[in-house]
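Worth knowing before you read on, the calculation uses all heavy atoms, side chains too, and leaves out hydrogens, waters and symmetry mates.
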Amino acid sequence: MKRNIVIAVVTAAALVGGGTATALAVSGDDDDASTPVTRTDDDRDDRDDRSDDGGDDDDRAAAPGHVTAADAVAAALKHTPGTAVSAELDDADWEVDVLGKDDTWHSVRVDPDTGKVLGSSEDDEDDAAEVRAALKGTSVTAEDAAKAAAAKGTVVSVGLDDDGDDRGWEAETRASGGDERDWNVALTTASVTADRDDD
């Protein structure tokens with residue numbers, strides 16, 4: 001006995017899942033089994049899963065904006081008077097450490113694109129005496145050191161090294177190709193020399 005089996009409704013499951021389905025009935029002799037073939041065209045596969053090509057979120061942390069290290073120090077000191085001891089591009093913001101006149105430490109965050117102060121907080125540092133001793137009789141500030149080191153590349157950090165006899169400002173620069181270099185900036189002359197420990 002010949003049987004022709006026609007499958008009329010197969011789409012319900014596919015429509016519930018958000019796609020469409022097409023059924024094809026294959027008929028044959030008694031010896032052949034009729035096999036329904038279902039093709040599902042799930043339009044969920046066609047959804048745009050691509051990420052935004054507008055830029056990598058980490059690019060901002062990888063490269064400073066228009067505000068230089070010297071600019072960030074100036075903005076931080078305008079907001080929180082004192083002595084800037086370091087500036088570093090950290091988590092996409094400039095973080096400037098300022099030793100206040102009352103020996104209170106402040107961490108000031110500056111936007112690298114606008115130069116606006118985003119906020120500040122007090123720190124629990126206790127080496128105010130050492131920092132003041134290291135800077136006594138010197139004329140080169142953190143801002144000066146950042147400007148001097150900028151001749152070697154884009155400054156991404158500058159900080160006071162107050163240990164031992166080799167006191168001075170340390171600066172890190174990044175070249176356009178991404179190479180980073182460390183520099184020493186003299187406390188009295190602002191002369192820039194390569195860090196001997198930099199490989």
- Just by distance, do the side chain of W169 and the backbone of A149 share a donor-acceptor pair under 3.5 Å? no

- Task: Given salt bridge (charged side-chain N to carboxylate O under 4.0 Å, His left out), test R132 with D103 step by step and report yes or no.
- Result: CA-CA 9 Å; R132 295 218 187 273; D103 287 348; 2.9 Å; yes

- Query: Given side chains that start at C-beta, do those of V155 and T68 come closer than 4.5 Å, heavy atoms only?
  - Reply: no

- Query: Hey, what do you get for OG1 (T173) to CG (D182), rounding to the nearest 0.5 Å?
  - Reply: 7.5 Å

- Query: With a 4.5 Å heavy-atom cut-off, do V158 and S86 have their side chains touching?
  - Reply: no

- Task: With rounding to the nearest 0.5 Å, note down the distance linking CZ in R174 to CG in D179.
- Result: 10.5 Å

- Value rounded to 0.5 Å, distance of CG in D113 from NE2 in H66: 6.0 Å

- Message: Could you work out, with side chain to side chain donor-acceptor pair (under 3.5 Å) as the rule, every residue matching D127, not counting sequence neighbours?
- Response: none

- Query: Can you name the closest pair of heavy atoms from S107 and D123 and give their distance?
  - Reply: CB-OD2, 3.5 Å

- Query: Do W94 and D71 come close enough that some side-chain heavy atom pair is under 4.5 Å?
  - Reply: no

- Query: If every non-hydrogen atom of V185 is compared with every non-hydrogen atom of A148, which pair is closest and at what distance?
  - Reply: CG1-CB, 4.3 Å

- Among V108, V110, D90, L89, side chain to side chain contact (heavy atoms under 4.5 Å, CB included) partner for E95: D90

- Message: Applying side-chain contact (heavy atoms from CB on, under 4.5 Å) to D161 and R167, what does each step give before you reach the verdict?
- Response: CA-CA 5 Å; D161 179 7; R167 295 177 183 171; over 6 Å; no

- State the NZ-NE2 distance between K116 and H79, to the nearest 0.5 angstrom. 13.0 Å

- Do you know which two heavy atoms are closest between A70 and A146, and how far apart they sit? N-CB, 3.8 Å

- Message: Distance check, rounded to the nearest 0.5 Å: D111 atom CG versus L118 atom CG?
- Response: 5.0 Å

- Message: In the structure I gave you, are the side-chain heavy atoms of L160 and L187 within less than 4.5 Å of one another anywhere?
- Response: yes

- Message: Just verifying a value: how many Å separate D162 CG and E170 CD, rounded to the nearest 0.5 Å?
- Response: 9.5 Å

- Note on the structure: Here the pair of heavy atoms bringing V140 nearest to A190 is CG2-N, 3.6 Å

- Query: Any idea which heavy atoms bring T188 and S139 closest together, and the distance?
  - Reply: O-OG, 3.3 Å

- Note on the structure: All heavy atoms of T83 vs all of L135, minimum pair found to be CG2-CD1, 3.6 Å

